[in-house]
Number of protein chains: 2
Amino acid sequence: MTETPTPAAQCCAPLRAPTLSDAETAATAALFKALSDPHRVRIVNLLAVADEAVCVCDLTGPLSLSQPTVSHHLKKLVAAGLLDRERRGTWAYYSLNRTALRRLADVADLRGGTP
Amino acid sequence: MTETPTPAAQCCAPLRAPTLSDAETAATAALFKALSDPHRVRIVNLLAVADEAVCVCDLTGPLSLSQPTVSHHLKKLVAAGLLDRERRGTWAYYSLNRTALRRLADVADLRGGTP
DNA sequence: GCACTTCATCGACGAATGTCAATACAATCT
DNA sequence: AGATTGTATTGACATTCGTCGATGAAGTGC
């Protein structure tokens, strides 16, 4: 997979949109799909409360998952645009993309604009 | 399936919550999972723009899906608490549960309370 | 160079998902 | 009662998903 399709968080459209293209519908579903797993919800929650970026080794414990599985989930969240990845030496630090999460909240908001 | 587990939309907790129980995490993931399919996103969008309740036969066309498949998706959305079902004679009318969608928007909102 | 650590990818497995045709159920009408 | 219409359920199928062990890849320090 050398392709890097644009993150769903950048293509999604609000559920209240008057018309929704197929691409927007797919992107919106993909965005929700990224959060459709309990472990990924937990990851986002951990990153939301931690104001510091977190590395993979800090997540395997709280999640009770193997390291490959944690990397797998992180990759999905990054692909969706919800997480940012940064390398510091040997470590890979992940942090929340607050802009993407703002957009997610707006997608689910049935009333008007983005304050 | 005679069990009727409480809808995810009533058990979910915001992603910004300081601590998230396993049950809350699972419910939150289940809520997102209900919207992780493009056809279900389309259904919610159709119901969001239509201020009238909609029956199954009105959805098979726009979705290009068979009637059993549409019923299957509707059932999942109702189970998640996002849709309400009402029988009128032979027809089954579905409508958006605006409270549940409000809650969904709040789940994704990283900043404070529920205005 | 080599050893070591951290993370990503690969391969395989069982489990869950979306889909449809066929069938059953429910409500209405004659 | 029987016929008809709209909806729900069943059973089967291919596909996708989450998980792990094993292996690679990248970086650090000796």
Side-chain angles (χ1 to χ4, degrees), chain A residues 1-5 8 22 25-26 28-44 46-47 52-80 83-95, chain B residues 1-5 8 22 25-26 28-44 46-47 52-80 83-95:
Chain A
M1 192 200 304
T2 174
E3 291 279 355
T4 303
D22 286 358
T25 306
T28 303
L31 186 56
F32 286 125
K33 189 175 207 170
L35 290 169
S36 67
D37 181 274
H39 293 131
R40 291 200 286 272
V41 168
R42 177 80 68 188
I43 289 174
V44 170
L46 288 172
L47 289 175
E52 292 284 339
V54 168
C55 63
V56 180
C57 56
D58 289 333
L59 293 173
T60 54
L63 295 174
S64 299
L65 287 177
S66 71
Q67 174 265 316
T69 302
V70 173
S71 282
H72 170 244
H73 287 309
L74 289 169
K75 179 174 186 161
K76 291 211 160 190
L77 289 169
V78 170
L83 261 53
D84 290 326
R85 195 183 98 108
E86 175 197 2
R87 277 210 85 117
R88 298 186 203 163
T90 315
W91 291 267
Y93 280 81
Y94 290 85
S95 57
Chain B
M1 192 200 303
T2 174
E3 291 279 357
T4 302
D22 285 359
T25 306
T28 304
L31 186 56
F32 286 124
K33 190 174 205 169
L35 290 169
S36 68
D37 181 274
H39 293 131
R40 291 198 288 270
V41 168
R42 177 81 67 187
I43 289 173
V44 170
L46 289 172
L47 289 175
E52 293 285 339
V54 167
C55 64
V56 180
C57 56
D58 289 333
L59 291 173
T60 54
L63 294 174
S64 299
L65 287 178
S66 71
Q67 174 265 318
T69 303
V70 173
S71 282
H72 170 243
H73 287 310
L74 289 169
K75 179 175 186 159
K76 291 210 159 191
L77 289 169
V78 169
L83 261 52
D84 290 326
R85 196 183 99 108
E86 176 197 2
R87 276 209 86 116
R88 298 187 204 162
T90 315
W91 291 266
Y93 280 80
Y94 290 86
S95 57

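Convention: sequence-line order gives letters A, B, ...; per-chain numbering from 1.
Across the protein-nucleic acid pair, Leu74(B) atom CG and dG18(C) atom P stand 13 Å apart, rounded to whole Å. Note: CG (Leu59(A)) to P (dG18(D)) measures 17 Å, nearest angstrom. Taking atom CH2 on Trp91(A) and atom C1' on dA25(D), their separation rounds to 17 Å, with Å as the unit. One can place CG of Leu83(A) at 15 Å from C1' of dC7(C), the figure rounded to the nearest angstrom. Across the protein-nucleic acid pair, Arg88(A) atom CZ and dC7(C) atom C1' stand 15 Å apart, rounded to whole Å.
Side-chain contact between Asp22(A) and Arg42(B) is present, with heavy atoms from C-beta onward closer than 4.5 Å. Taking the side chain as every heavy atom from C-beta outward, Leu63(B) and His73(B) never approach each other to under 4.5 Å. Proximity of Leu59(A) to Leu74(A): side-chain heavy atoms (C-beta onward) are separated by under 4.5 Å at one or more points. The shortest side-chain heavy-atom distance between Asp58(A) and Leu46(A) does not fall under the 4.5 Å cut-off.
Taking OH of Tyr93(A) as the reference point, atom CG of Leu47(A) lies at 12.5 Å (rounded to 0.5 Å). Here OG1 of Thr28(A) is found 14.0 Å from CZ of Arg40(B). Values are rounded to the nearest 0.5 Å.
The two residues Tyr94(B) and Val56(B) have their closest heavy-atom pair at CE1-CG2, 3.7 Å.
Looking at Ser71(A), its side chain never comes within 3.5 Å of a backbone N or O of Pro68(A) through a donor-acceptor pair.
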So which protein N/O to nucleotides 12-17 of chain C N/O distances come out below 3.5 Å?
unit_1: dT17(C); atom_1: OP1; unit_2: Lys33(B); atom_2: NZ; d: 3.0

Filtered N/O pairs between nucleotides 20-26 of chain C and protein, under 3.5 Å:
unit_1: dC20(C); atom_1: OP2; unit_2: Ser66(B); atom_2: N; d: 3.2
unit_1: dC20(C); atom_1: OP2; unit_2: Ser66(B); atom_2: OG; d: 3.0
unit_1: dC20(C); atom_1: OP2; unit_2: Thr69(B); atom_2: OG1; d: 2.7

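Taking 4.0 angstrom as the limit, His39(A) places a side-chain polar atom (N or O) nearer than this to OP1 or OP2 of dT19(D). Using a 4.0 Å cut-off, no side-chain N or O of Tyr94(A) falls inside it from OP1 or OP2 of dT6(C). Contact annotation: Lys75(A) reaches the phosphate of dT9(C) (side-chain N/O to OP1 or OP2, under 4.0 Å).
Thr69(A) pairs by the side chain to side chain donor-acceptor pair (under 3.5 Å) definition with Ser66(A), not counting sequence neighbours.
Of the two residues contacting DNA chain D, namely Tyr93(B) and His73(A), the nearest-nucleotide position lying further toward the 5' end is that of Tyr93(B).
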